[in-house]
*Asks:* 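Provided herewith is a single structure, encoded as structure tokens, for subsequent inquiry.
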Amino acid sequence: MNILFVSSSPRGGESYSNRVARRIVDDLIARNRGAHVVARDVARQPLPHIGAAFASGRMVAAEKRSDADWQALALSDALVDELFAADVIVIAAPMHNFGLPSSLKAWIDHIVRPGRTIAYSGKGAQGLVTGKKAVLVFARGGVYSEGPMQAFDFQEPYLRAALGFIGITDVEVVRVEGVALGEEAVSQALRSAEAQADAIVRTIVVQVADDVRAAA
Ligand SMILES: Cc1cc2nc3c(=O)[nH]c(=O)nc-3n(C[C@H](O)[C@H](O)[C@H](O)COP(=O)(O)O)c2cc1C
């Protein structure tokens with residue numbers, strides 16, 4: 001099993017999204033001997049915002065690309081390769097101003113690539129990153145899964161839509177919500193998120209075993 005672990009909180013070891021996502025990754029490793037993890041921390045090692053050469057180069061067909069186009073796309077190509085190599089993608093995302101941290105948005109800008117992760121035809125856009133499982137761990141100060149703030153959640157719908165657009169539709173979500181509402185709220189949010197995380201890992205492990213049996 002190849003796992004791609006994308007984390008994006010600037011809070012490192014203090015981060016709730018990192019803590020729960022790390023638990024999922026560690027648990028998957030413990031249950032799958034030989035699992036291989038690629039960790040991409042876009043907060044610690046930020047990706048550049050896209051520039052003019054990238055914006056034009058991404059639209060040029062491979063056979064027509066100049067050296068400058070290839071150079072502008074090199075990092076993006078490496079990130080896309082990382083994505084295709086993964087069976088399971090675990091993404092840890094804090095909510096920043098109702099959406100994703102800009103560091104994670106930059107990752108999205110690098111991996112949504114015409115000709116690599118999406119194909120356009122007369123039928124419209126088709127996502128090419130199929131057969132993957134994604135687990136998204138969201139941490140928020142407030143509560144957005146229900147109640148009056150629901151309409152302000154541009155984090156989960158956006159990430160689901162962007163991943164779905166490139167073909168990643170098998171998505172599980174864990175929310176660590178209400179962490180700004182006091183110590184008891186934090187404990188409760190973590191307890192609930194960790195129970196959800198453990199259940200998701202059990203499901204993934206069963207699915208992988210089924211896939212191995214089917215392939216044998
Ligand atoms: C710049 C910034 C913006 C934030 N914006 C929101 C927000 O819009 N809504 C919210 O509920 N919490 C917001 N928070 C609180 C974080 O979502 C909360 O601290 C969460 O735990 C962050 O995830 P992490 O623990 O993985 O870093 C914000 C925090 C920061 C640092």
Side-chain angles (χ1 to χ4, degrees), residues 3-30 35 37-50 79 82-83 86 88-112 132-164 168 170-201 203-204:
I3 303 166
L4 174 61
F5 176 21
V6 182
S7 53
S8 59
S9 172
R11 300 188 330 113
E14 298 294 305
S15 153
Y16 300 123
S17 60
N18 281 354
R19 169 170 158 169
V20 174
R22 173 46 62 198
R23 180 186 177 99
I24 292 170
V25 171
D26 287 347
D27 206 2
L28 284 172
I29 296 169
V37 182
V38 170
R40 187 158 281 279
D41 185 337
V42 295
R44 202 172 284 175
Q45 290 180 302
L47 301 166
H49 282 172
I50 60 159
L79 295 168
E82 233 168 53
L83 195 59
V88 180
I89 300 144
V90 179
I91 302 179
M95 177 181 276
H96 284 174
N97 299 311
F98 311 118
L100 298 180
S102 55
S103 57
L104 188 56
K105 175 59 168 54
W107 180 75
I108 298 283
D109 290 339
H110 284 279
I111 60 152
V112 178
K132 314 289 180 195
K133 174 108 203 160
V135 186
L136 317 181
V137 180
F138 296 113
R140 296 105 179 243
V143 173
Y144 295 81
S145 60
E146 57 182 16
M149 294 306 285
Q150 224 173 356
F152 286 75
D153 180 7
F154 297 93
Q155 182 194 36
E156 180 176 332
Y158 172 75
L159 190 53
R160 276 181 183 273
L163 294 175
I168 302 173
D170 184 355
V171 174
E172 303 281 355
V173 168
V174 180
R175 302 178 196 92
V176 193
E177 290 195 299
V179 298
L181 306 176
E183 262 175 48
E184 183 45 42
V186 171
S187 310
Q188 161 92 44
L190 282 172
R191 261 198 311 276
S192 152
E194 287 175 352
Q196 285 175 58
D198 294 350
I200 288 169
V201 169
T203 317
I204 294 176

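Both ligands and their constituent atoms are indexed starting at 1 by order of listing. The structure presented is a predicted model; accordingly, all values stated were derived computationally and were not measured.
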*Asks:* Is it true that a side-chain atom of Lys132 and a backbone atom of Ala86 form a donor plus acceptor pair closer than 3.5 Å?
*Replies:*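 Looks like yes, one N/O pair under 3.5 Å.
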
*Asks:* Looking only at protein heavy atoms, identify the closest one to atom 19 (O) of ligand 1 and say how far it is in Å.
*Replies:*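 Among all protein heavy atoms, the one nearest atom 19 (O) of ligand 1 is Val179 CG2, 4.3 Å.
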
*Asks:* Roughly how far, to the nearest 0.5 Å, is CE of Met95 from CE of Met149?
*Replies:*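 One finds 8.0 Å between CE of Met149 and CE of Met95.
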
*Asks:* State the atoms of ligand 1, each with its element, that fall below the 4.0 Å cut-off from a heavy-atom position in Gly142.
*Replies:*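 Per the distance check, 10 (C), 11 (O).
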
*Asks:* With atom 25 (O) of ligand 1 as the reference point, say which of Arg140, Glu14, Arg11 has the nearest heavy atom.
*Replies:*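 Of the listed residues, Arg11 has the closest heavy atom.
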
*Asks:* Closest non-hydrogen protein atom to atom 29 (C) of ligand 1, residue and atom name please, with distance?
*Replies:*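 For this ligand atom, the closest protein heavy atom is His96 CD2, 3.8 Å.
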
*Asks:* Any carboxylate oxygen within less than 4.0 angstrom of a Lys/Arg side-chain nitrogen, looking at Glu156 and Arg140?
*Replies:*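 Salt bridge flag = yes for Arg140 with Glu156.
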
*Asks:* Give the residue and atom name of whichever protein heavy atom lies nearest to atom 22 (C) of ligand 1, and the separation in Å to one decimal.
*Replies:*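 Its nearest protein heavy-atom neighbour is Pro94 CB, 3.5 Å.
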
*Asks:* Looking at atom 12 (N) of ligand 1, what's its closest protein heavy atom, distance included?
*Replies:*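 Checked against all protein heavy atoms, atom 12 (N) of ligand 1 sits closest to Gly141 N, 3.1 Å.
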
*Asks:* For ligand 1, which atoms, with element, lie under 4.0 Å from some heavy atom of Ser9?
*Replies:*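 Heavy-atom distances to Ser9 below 4.0 Å select 24 (P), 26 (O), 27 (O).
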
*Asks:* What distance do Asp198 atom CG and Asp27 atom CG have between them, rounded to the nearest 0.5 Å?
*Replies:*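 Nearest 0.5 Å value for the CG-CG distance: 6.0 Å.
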
*Asks:* Nearest 0.5 Å, please: how far is CG in Leu136 from CD in Gln155?
*Replies:*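 Going from CD on Gln155 over to CG on Leu136, the span is 9.5 Å.
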
*Asks:* Ligand 1 versus Met95, non-hydrogen atoms closer than 4.0 Å: side chain, backbone, both, neither?
*Replies:*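 Answer for Met95: both.
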
*Asks:* Under 30°, 30 to 60°, or over 60°: which ring-plane class applies to Phe98 and Phe152, parallel, tilted or perpendicular?
*Replies:*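 Phe98 and Phe152: tilted rings.
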
*Asks:* Are more than 12 heavy atoms, taken from residues, nucleotides or ligands other than Glu14, located less than 6.0 Å from that residue's CD atom?
*Replies:*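 It does not: Glu14 CD has 12 such atoms or fewer within range.
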
*Asks:* Check the surroundings of atom CZ in Arg44: do more than 12 heavy atoms from other residues, nucleotides or ligands lie under 6.0 Å from it?
*Replies:*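 No - once you tally the heavy atoms of other residues, nucleotides and ligands closer than 6.0 Å, there are 12 at most.
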
*Asks:* Report, in ascending order of atom number, the atoms of ligand 1 lying under 4.0 Å from any heavy atom of Phe98.
*Replies:*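 Near Phe98, the atoms of ligand 1 are 7 (C), 8 (O).
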
*Asks:* Looking at Asn97, which atoms of ligand 1 are within less than 4.0 Å of one of its heavy atoms?
*Replies:*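 Those of ligand 1 that fall under 4.0 Å from Asn97 are 3 (C), 4 (C), 5 (N), 6 (C), 7 (C), 8 (O).
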
*Asks:* Quick one: does Tyr144 get a heavy atom under 4.0 Å from ligand 1?
*Replies:*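 For ligand 1, residue contact (heavy atoms, under 4.0 Å) with Tyr144 is present.
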
